[in-house]
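Starting off with a structure, shown below.
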Amino acid sequence: MTEPGVQSNSIHELARRAMADAHLEEAYRSSSLRLYTHRLSAIAKVPGFERLRDRAREIKRDVMEHLGDYLEQFESNIIRLGGEVHWAPTAEEASAAVLEICRRAGAREVVKAKSMVGEEIELNHALEAAGIRAVESDLGELIVQLAGERPAHIVAPAIHKTREDVSRLFVEHLHSEPTTEPERLTAIARGALREIFARAAVGLSGANFGVAETGSIVVIENEGNIRFSTTAPRIHIVLMGIEKLIPRFADLGIFLRLLARSGTGQKLTSYTSILTGPRRAGEDGPEEMHVILVDNGRIRTLADEKMREALYCIRCGACLNACPVYRKIGGHAYGWVYSGPIGALITPQFMGISNARELPFASSLCGACREVCPVRINIPDLLLHLRTEAQQRTETPRPPRSLVSERASMRIWAWAMKRPWAYSLGGALMRFGLKAFARWDTSSGGRWVKKFEWFPLSAWTESRDFPAPARMPFRDRWKKISTR
Ligand code: SF4
C-alpha cells in the first residue's frame with residue numbers, strides 16, 4: 001500500500017526517476033497518445049461538439065454560482081428516496097463516515113468500485129487501520145492496489161503497466177498461471193472478485209455525476225464491476241465530491257456525450273448506471289444507500305473567484321493525455337492522486353498551496369490542456385494564478401542552480417530586448433553556436449542539439465532537446481515579406 005499524504009519528494013526528483021525508466025516513459029507516451037488520438041477521431045464525428053462544450057461550461061458555471069441551493073435540493077431528494085446523506089468537511093471525516101457505516105453493518109470487507117475521492121481521502125489506509133479489508137473491483141485499481149501504488153491516471157489507473165507487469169502481479173498475489181492474453185488476465189481478476197461480490201455486505205463507489213433534480217447518482221464504466229459493487233451488497237456507499245452536481249436530468253445527455261469521447265474516445269462507456277435511491281418493494285439492489293458529500297478543500301476553491309473554475313472538471317482525463325509533461329513524466333511524479341494539468345491545479349487547492357507549491361510550475365503552459373478540456377477550463381491561466389500565489393504565500397525554498405541561471409538569463413534577455421543591436425548580435429551568436437552543435441536526427445527527420453556539456457546549457461538538454469535554428473531568422477523573413 002502507498003504511503004498516505006503528498007509524497008515529500010519534489011516533483012523534480014520524482015520526474016527524474018520516472019524519466020530514467022525508459023520502459024515506463026514509453027508506456028506513458030504510447031498509452032496517452034492512443035487515448036488522445038481516439039478522442040480526436042471520436043469528436044470529429046459529432047456535429048456541434050464545440051456547442052456541447054459551451055453548454056456544459058455554462059451548466060457548470062451555474063452549478064458553482066448556486067452550489068448551496070443545488071446541494072440542498074440534492075440532499076432532500078436523496079432523503080425522500082430513502083437514502084442517507086453524510087456531510088464530510090474533511091478527508092478524515094469522510095473516512096470516519098465510511099467506517100461508521102461499516103461498523104454498524106458489522107462488515108469486515110468492502111468491495112470498492114473506482115473512486116478518485118476514495119483515493120483522495122486515503123480510504124484504504126483508514127479501512128486497513130480499522131481491520132476492514134478493501135477489495136478493488138476495477139481491474140486498473142486492482143492492479144495498482146496489488147502493486148502498492150497510486151493510480152497513474154484519472155481514468156486509466158494502470159496506464160503505465162504492461163501485460164507482462166500485470167501477469168507478474170497476478171502470479172505473485174493471485175497465484176495464477178503466467179499469461180499475457182488480455183482476456184485471460186481479465187478472467188483471472190473476475191474469478192478472484194466474483195465470490196467477494198457475493199459475500200461483501202458493503203459496496204462503495206464514486207459518482208461521475210449527482211443529479212440535483214432527481215437525487216440520482218450516475219456512474220459510468222466499461223467493466224460492469226460498478227454495477228456489481230453497487231447492487232449486490234446490502235449497503236451501497238457513494239463517495240462524492242460536492243462539485244459533481246448537475247442541475248437537471250436533461251443535462252446528463254450533454255455530459256455523457258462529452259465525458260466518454262473526451263476520456264477514451266468512446267461514444268459512451270459500456271455501462272451507464274443511474275442509481276436513484278435504495279431498492280423499493282419488488283426491486284433488486286441495496287437496502288441502504290449512503291451518500292457521503294465530501295468538501296476537503298472544495299469550498300475553499302469555490303470561495304476563490306478565480307480558482308472556482310477548477311471545480312468544473314468532470315475528470316475525463318483528456319488534459320493528461322494531451323499534456324507533453326504528463327506524457328514524459330507520468331502520473332506518479334505529481335506526488336498525489338490527481339496528476340497531469342488538472343492535478344497541478346487541484347492538488348494545491350485541496351491540500352493547501354504550501355504542501356504542493358511546485359505543482360503549478362510543472363507545466364510548459366503550452367495550452368494543449370485547455371484545447372481538449374470538454375468544459376473549457378482555462379488551465380494555463382489558473383496555473384499562472386497559482387504560481388503567483390505560491391510565490392506570495394509560501395516560503396520560497398532556496399532556488400536550484402538551474403533557476404538561478406534562468407533568472408540571470410531572463411535579466412540579460414530583458415536588457416537585450418531594449419537594445420536592438422544587442423538583440424541582433426546575441427541572436428546571430430546563438431544561431432552560430434546552435435548550428436555547430438546540431439546533428440541530424442533520423443527519428444524526427446530534423447536537426448537537433450541533443451546534449452550540451454556545460455552548465456547552464458546542460459540543464460536544458462538534460463531533459464529535452466533543442467531544435468536547430470531555422471535557416472533564415474524570423475527578423476530577416478519579416479523584413480523580406482514587408483518589403484515585397
Ligand atoms: S480539467 Fe478538463 S480535460 Fe482535465 S480532467 Fe478535468 S474536465 Fe477533463
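Indexing begins at 1, ligand by ligand and atom by atom, following the structure's order. If you're wondering where the values come from, they're calculated on a predicted model, not measured in any experiment.
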When His332, His153, His23 are each screened for ring-ring contact (aromatic ring centres under 6.0 Å, His included) with His160, the one that passes is His332
Presence of salt bridge, Arg61 and Glu58, under 4.0 angstrom
no
What atoms in ligand 1 come closer than 4.0 Å to a heavy atom of Ile379?
1 (S)
Look at the side chain of Glu213 and the backbone N and O of Phe249, then say whether any donor-acceptor pair between them is shorter than 3.5 Å.
yes
What are the protein N, O or S atoms, given as residue plus atom name, that sit under 2.8 Å from atom 8 (Fe) of ligand 1?
Cys316 SG
Here's one to test your reading of the geometry: is the NZ or CZ of Arg376 within 45 degrees of the ring axis of Tyr312 and under 6.0 Å from its centre?
no
Using 4.0 Å as the upper bound for N to carboxylate O, is an ion pair formed by Arg190 and Glu183?
no
Lys NZ or Arg CZ of Arg327 over Tyr36 ring: under 6.0 Å, within 45°
yes
